[in-house]
Amino acid sequence: MNTMENRELARLLRETADLMEIAGADSFRIRSYRRAADAVETYSQPLRTMAAEPKKLLELPGIGKGIAAHLMEMLETGRFSEREKLLESHHPAMLQLLQIQGLGPKTIAAIWAKHHVATVDEVEALARAGQLRELPRMGEKAEQKILKAITAWRAMSGRFLLSEARRTAGEALARLRAVAEVEQAAAAGSLRRGRETVGDLDLLVSGRRLQGAALAAAMEHFLGLPGIVEIYGRGETKLSVRLHAGLQIDVRWLPPESFGAGLQYFTGSQAHNIALRGRALKAGYRLNEYGLSRLEGSEAPAAGGRSSSRSGGKAAPPAGLLPAAAEAEAAEEKIYRSLGLAWIAPELREDAGEIEAAAAGRLPRLVSEADIRGDLHMHTVASDGRATIEEMADAALARGYEYIAITDHSASLAMVQGLDERRMLQQLKRIRAADASYRQGRRPPGGGPERPLRILAGIEVDILADGRLDLADDVLAQLDLVIGSIHSRFDQPPAAVTERLLRAIEHPALHLLGHPTGRLLLRREPLALDFETILSACLQHGVMLEINSAPDRLDLHDRHARRCREAGVRVAINTDAHHPHHLGLLPYGLAMARRGWLEPGNVLNTLPADELMQALNARRK
DNA sequence: GCCGTTTTCGGCCCGACTGTTTTCAGTCG
């Protein structure tokens, strides 16, 4: 029986599309493969369950006879001959080269044709030797750019976006929890702290009957997790594996009475733990992963010894990124309390003042999912979204939101058929009509009483190289919300991008600055912009910043979020939803907002609808 | 390759920008 998951099938299709691109295949054909990959990945059921009825595959949008046959081959044999054929004439390392900013299929093909070279290391050597510039339309500047991009790529490789890591952690934890003797299972480490990228996963398990043969059986069961390609280490209490994608997972067993202490210890960060242990020492304690104990001369373990509480009553700890068992956090809380500290949210544990604040009782009341009243950045079929205004509105109602803003792309993002003035005005009419209907009250799709939803009209407008916005002022003036983003030439020097943003901030129509510090994608180096200057310009002009929760990008850094708080510049935490289910991806942006110590008052979309409108209109005066 | 049909072919994905050019190819979104 084949175990290929949808994600794996989608990956093979995408890689094949990449190889086809290097091979110079027809671009529409390539696009079909990519669209099919999207369809496979977002399909709700595992395709392997449909292997018996190949015809059902054809019901998926973007999958026709050709790709259905490819999928059947993969499901039945685990192989994909079309891809293998391409790999005979092309090198698999080319797929990595495509991740280098500025290196595209044409250049990669040209390098191969001339030098028969395809790995990152080899291309780097060519560039250093000044041999890349011998290729047509390549010069010294381009060569230097590629060298820089390789450095940036190296810095990011080996780390995984929070969204990917979180999804994998969810699957891995589910597998552990399926074992009867496992009473507690939680993710610790940088994932729990909500870092934008995660190096590896630390999973902790515990259970009173989870020992001896039961523990060994549980570990064995875990090894059935799809995608494991290597077992690094396998001891009595620890298991280390590597997944296909390269992510490493460590599973650690802890005695039940140490679970809280272990969770604290393995959540880190290291700097936080060092500071905390220092504080413990001063107070006469020793803190390690097994608990907090008095140093000699004193008895009575202070905390971490038996987390007893089977209370079941929920103390409702502040919502973290991954819902760890409430009782585990309660055990953690004991440790902090014993050290004279309030429990510190994982996102804050960076030794960045959180311990002092906890001691003084001045920890922020962090913004949480429950505070968010609406989403102010979403796309529809008018540009590159997958759903209509009404479908997005229904999804928002189902989440209990009070308002949304429809913000499709403007014209210069031509690939997605962005809106020009004429189409924006048509879209505006549709949004106003939908608003008129939904503000009267609607029953959420899942049931429940009728509730009103405000639908604001907006645009994600492109900030051009000279700082102009790419829609006419008289059209922008009719919109409730204008988000300015840069969609091209992020490889401009930081000073040029800063200048570009500053010009846009002066534009009276702009409310929100999207991608304010440069995108943090796996392929990209975060841009070092002059953030202080940007912030003071925002403050002066009443422009706010966006924290974009889209899974492949976290634009604002935590230190920047914290500077927003200090400077009094509001942020909006939006999902950039292209599909109704993207509205549920809020945690990625929230984690960053929380790491930036943001409180509800710092966040635009925690405001009630009336106050939100006031805040937006204030910009106009 | 897929899709839709005015159904078995023709349309689908294009503008901004850079570095290389001297008119435009390649990359990105």
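Naming: A, B, ... by sequence-line order, numbering from 1 per chain. Values in this document were obtained by computation on a predicted structure and should not be read as measured data.
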Legend entry - Side chain of A:Lys106 - closest among B:dC13, B:dG26, B:dC17: B:dG26
Inset, instruction - Could you tell me which nucleotide pairs with B:dT18 by Watson-Crick or G-U wobble geometry, both distances under 3.5 Å, or answer none if nothing does? - result: B:dA25
Legend entry - Between A:His91 and A:His116, ring centroids under 6.0 Å: no
Legend entry - Whole-Å C1' distance, B:dT20 and B:dC13: 24 Å
Legend entry - Separation of atom CZ in A:Arg423 from atom C1' in B:dC14, rounded to whole Å: 13 Å
Inset, instruction - Could you tell me the separation between the CG atom of A:Asp470 and the P atom of B:dC14, rounded to a whole number of Å? - result: 17 Å
Inset, instruction - Considering just the side-chain nitrogens and oxygens of A:Gln101, establish if one lies under 4.0 Å of OP1 or OP2 belonging to B:dT27. - result: no
Inset, instruction - Find the distance A:Ile67:CD1 to B:dC2:P and express it as a whole number of Å. - result: 5 Å
Inset, instruction - Tell me what A:Gln144 touches on the nucleic acid: a base, only sugar-phosphate, or nothing, going by heavy atoms under 4.0 Å. - result: nothing
Inset, instruction - Would you kindly say whether A:Arg468 and A:His507 are connected by a side-chain donor-acceptor distance under 3.5 Å? - result: no
Inset, instruction - Ignoring backbone atoms, test whether A:Thr107 places a side-chain nitrogen or oxygen under 4.0 Å from the OP1 or OP2 oxygen of B:dT27. - result: yes
Legend entry - Interatomic distance where CG belongs to A:Leu469 and P belongs to B:dG15 [whole Å]: 20 Å
Legend entry - Under 4.0 angstrom between A:Arg137 side-chain N/O and B:dA25 OP1 or OP2: no
Inset, instruction - Decide whether A:Glu460 and A:Thr407 meet the rule of one side-chain donor and one side-chain acceptor closer than 3.5 Å. - result: no
Inset, instruction - Taking only the side-chain nitrogens and oxygens of A:Lys145, find out if one of them lies under 4.0 Å from OP1 or OP2 of B:dG19. - result: yes
Inset, instruction - Mind checking A:Ile63 for me? I need base, sugar-phosphate or nothing, with any heavy atom below 4.0 Å counting as a touch. - result: sugar-phosphate
Inset, instruction - Could you verify whether a donor N or O on one side chain and an acceptor N or O on the other, from A:Thr498 and A:Asp530, lie under 3.5 Å apart? - result: no
Legend entry - Most 5' of A:Ile108 and A:Glu21 on DNA chain B, judged by nearest nucleotide: A:Glu21
Inset, instruction - Taking atom P in both B:dC14 and B:dT21, compute the distance separating them and give it to the nearest angstrom. - result: 28 Å
Inset, instruction - Nearest whole angstrom, please: distance from the C1' of B:dT20 to the CD of A:Glu134. - result: 16 Å
Legend entry - Donor-acceptor pair present, A:Arg31 side chain and B:dC13 base, under 3.5 Å: yes
Legend entry - A:Asn605 side-chain N/O to A:Ile372 backbone N/O, donor-acceptor pair under 3.5 Å: no
Legend entry - Euclidean distance for C1', B:dT22 against B:dG10 (whole angstrom): 37 Å
Legend entry - Nucleotide B:dT18, atom C1' - distance to CG of A:Leu464 in whole Å: 15 Å
Inset, instruction - Measure the spacing between NE2 of A:His560 and CG of A:Leu545 and express it to the nearest 0.5 Å. - result: 10.0 Å
Legend entry - Along DNA chain B (nearest heavy atom to each residue), the more 5'-positioned of A:Gly104 and A:Pro136: A:Pro136
Inset, instruction - Specify the separation, in whole Å, of atom NE2 of A:His409 and atom P of B:dG15. - result: 16 Å
Inset, instruction - Tell me what A:Glu82 touches on the nucleic acid: a base, only sugar-phosphate, or nothing, going by heavy atoms under 4.0 Å. - result: sugar-phosphate
Legend entry - A:Lys141 NZ to B:dT21 C1', straight-line distance once rounded to whole Å: 13 Å
Inset, instruction - With C1' as the reference atom in both, quote the distance from B:dG15 to B:dT7 in angstrom, rounded to an integer. - result: 33 Å
Inset, instruction - Using the C1' atoms only, state how far B:dC17 lies from B:dT23, rounded to an integer number of Å. - result: 16 Å
Legend entry - Atom pair OG (A:Ser190) and CZ (A:Arg159), whose distance is rounded to the nearest 0.5 Å: 5.5 Å
Legend entry - Gap in Å between the two P atoms, one belonging to B:dC9 and one to B:dA16, rounded: 37 Å
Legend entry - C1' atoms of B:dT5 and B:dG11, separation to the nearest Å: 12 Å
